[in-house]
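Following: one structure in structure tokens, then a few remarks.
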Amino acid sequence: MVTAAAPAPARTPRVSARARNDAVLLAAADQAREAAQEVASSPSDVGEHLGTVAEGERLMSHRFAATMKGYRGWHWTVTLARVPRGRVATVCEVELLPGDEAVLAPEWLPWSERLRPGDIGPGDTLPFRADDPRLEPGWTPTGDEELDSVAIDELALARARVLSPQGRDEAAERWYRGSRGPTSRGAVASKAECGTCAFLVPLAGPLGQLFAVCANEWSPDDGKVVSLDHGCGAHSETDVEPSGTDWPADAPLIDEVSVERIDPADDRR
């Protein structure tokens, strides 16, 4: 039976010189080739003999090049053994193994580590993840009818799970550094920030301290969450001349505590 295995660490078997020069096993190259050809899809899939590896006392592997398409760098390994004082080699196993230059599939990762934003399309469904660190349990009934009624009916806290502090922080970091934060090209070129725009709909909760939703149909961010220091050319007060303030100017502050040292030699007046 043939098995295709992942690359294993380089083996450095400690065997005697007698094992490496086992005449019976060294002479069994043709027997090893026939064993590999029986397992392969076609006898032509077994190429030239690449050498032998002494695995132990009376145990040796013959290696042959794999000539199939798509298996560059792979080789057939046929392990033979013999009994003490025996003159006949016996095939133990046949393997198709990758070499140093073999093309291998990337290391397998679970779906939760492979998925990236944007991978979920219409009709796709994510498996339930009970240990999602971005979520935490929602409201747990206390048994107090009045308290539970306020929490569930008026505050809508009946969800099984809600956003955890970690999930909230990750979302804020992602939004702020994204295309609707203060560093995007449109925000840098804008003349005013979203925080002063009339089309801004505030968010409730901690995220509302830094984000809101744009409600301007002419804005490229319409219906999107934007940071308060984001901006675009559709600001409600675009091109409005700044008006003066009715508040009087503050009186200058005079520091009467610190002393400023002046060198008379530098006074040229």
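Just so you know, residue 1 is the first one in the sequence shown, and it goes up from there. From a predicted model like this one, the values you see are computed outputs, not experimental measurements.
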Exercise for review: Any pair with a residue in residues 83-92 that passes side-chain hydrogen bond (donor to acceptor under 3.5 Å, both in side chains), sequence neighbours left out, goes on the list, sorted by first then second residue, please.
Suggested key: none
Check your understanding: Got R134 and E170 here, is their nearest side-chain heavy-atom distance under 4.5 Å?
Key -> yes
Review point. Quick one: salt bridge (charged side-chain N to carboxylate O under 4.0 Å, His left out) pairs with a partner in residues 196-216, sequence neighbours left out?
Key: none
Practice item. Could you list who else is in V226's hydrophobic cluster, with ILVMFWY side chains joined at under 4.5 Å, directly or through other members? Key: L200, L228
Review point. Distance from E57 atom CD to R20 atom CZ, nearest 0.5 Å?
Key: 10.0 Å
Review point. Does some side-chain heavy atom of R168 sit less than 4.5 Å from a side-chain heavy atom of P206?
Key: yes
Point to revise | Validation row: Y71, V103 side chains within 4.5 angstrom (heavy atoms) | key: no
Check your understanding: Going by the salt bridge (charged side-chain N to carboxylate O under 4.0 Å, His left out) test, which pairs reach into residues 191-214, not counting sequence neighbours?
Key -> K191-D239
Exercise for review: Not counting sequence neighbours, which residues clear salt bridge (charged side-chain N to carboxylate O under 4.0 Å, His left out) with D131? List them please.
Suggested key: R129
Review point. Hey, is the main chain of Q166 close enough, under 3.5 Å, to the side chain of D169 for a donor-acceptor pair?
Key: no
Exercise for review: Measure the shortest side-chain to side-chain distance between V88 and V24 over non-hydrogen atoms and say whether it is less than 4.5 angstrom.
Suggested key: no
Exercise for review: Keeping to residues at least two apart or across chains, list the salt bridge (charged side-chain N to carboxylate O under 4.0 Å, His left out) pairs with something in residues 211-232.
Suggested key: R180-D221
Point to revise | Donor-acceptor side-chain pairing of S61 and T79 below 3.5 angstrom | key: yes
Exercise for review: Could you work out the complete set of other residues in the hydrophobic cluster of L135, with links drawn between I, L, V, M, F, W and Y side chains under 4.5 Å apart?
Suggested key: L163
Check your understanding: In the hydrophobic cluster built from side-chain contacts under 4.5 Å, what are the other members alongside Y176?
Key -> W175, V201, L203, L207, L210, F211, V213, V225
Review point. In Å, rounded to the nearest 0.5 Å, how long is the span from OG1 of T77 to CG of L97?
Key: 4.0 Å
In residues 43-53, what donor-acceptor pairs under 3.5 Å come from side-chain atoms, sequence neighbours left out?
residue : atom : partner : partner atom : Å
S44     : OG   : S42     : OG           : 3.0
D45     : OD2  : S42     : N            : 3.2
H49     : ND1  : G51     : N            : 3.3
H49     : NE2  : H62     : ND1          : 3.0

**Study point:** Residue pairs, two or more places apart or on separate chains, that pass salt bridge (charged side-chain N to carboxylate O under 4.0 Å, His left out) and touch residues 102-122
**Key:** none
Practice item. Could I get the full list of side-chain contact (heavy atoms from CB on, under 4.5 Å) partners for A192, not counting sequence neighbours? Key: T196, H235
Point to revise | Over 12 non-hydrogen atoms of neighbours within 6.0 angstrom of CG in N21 | key: yes
**Study point:** Side chain proximity check, C197 to E237, heavy atoms < 4.5 angstrom
**Key:** no
Review point. With R82, which residues qualify under salt bridge (charged side-chain N to carboxylate O under 4.0 Å, His left out), at least two apart?
Key: D22
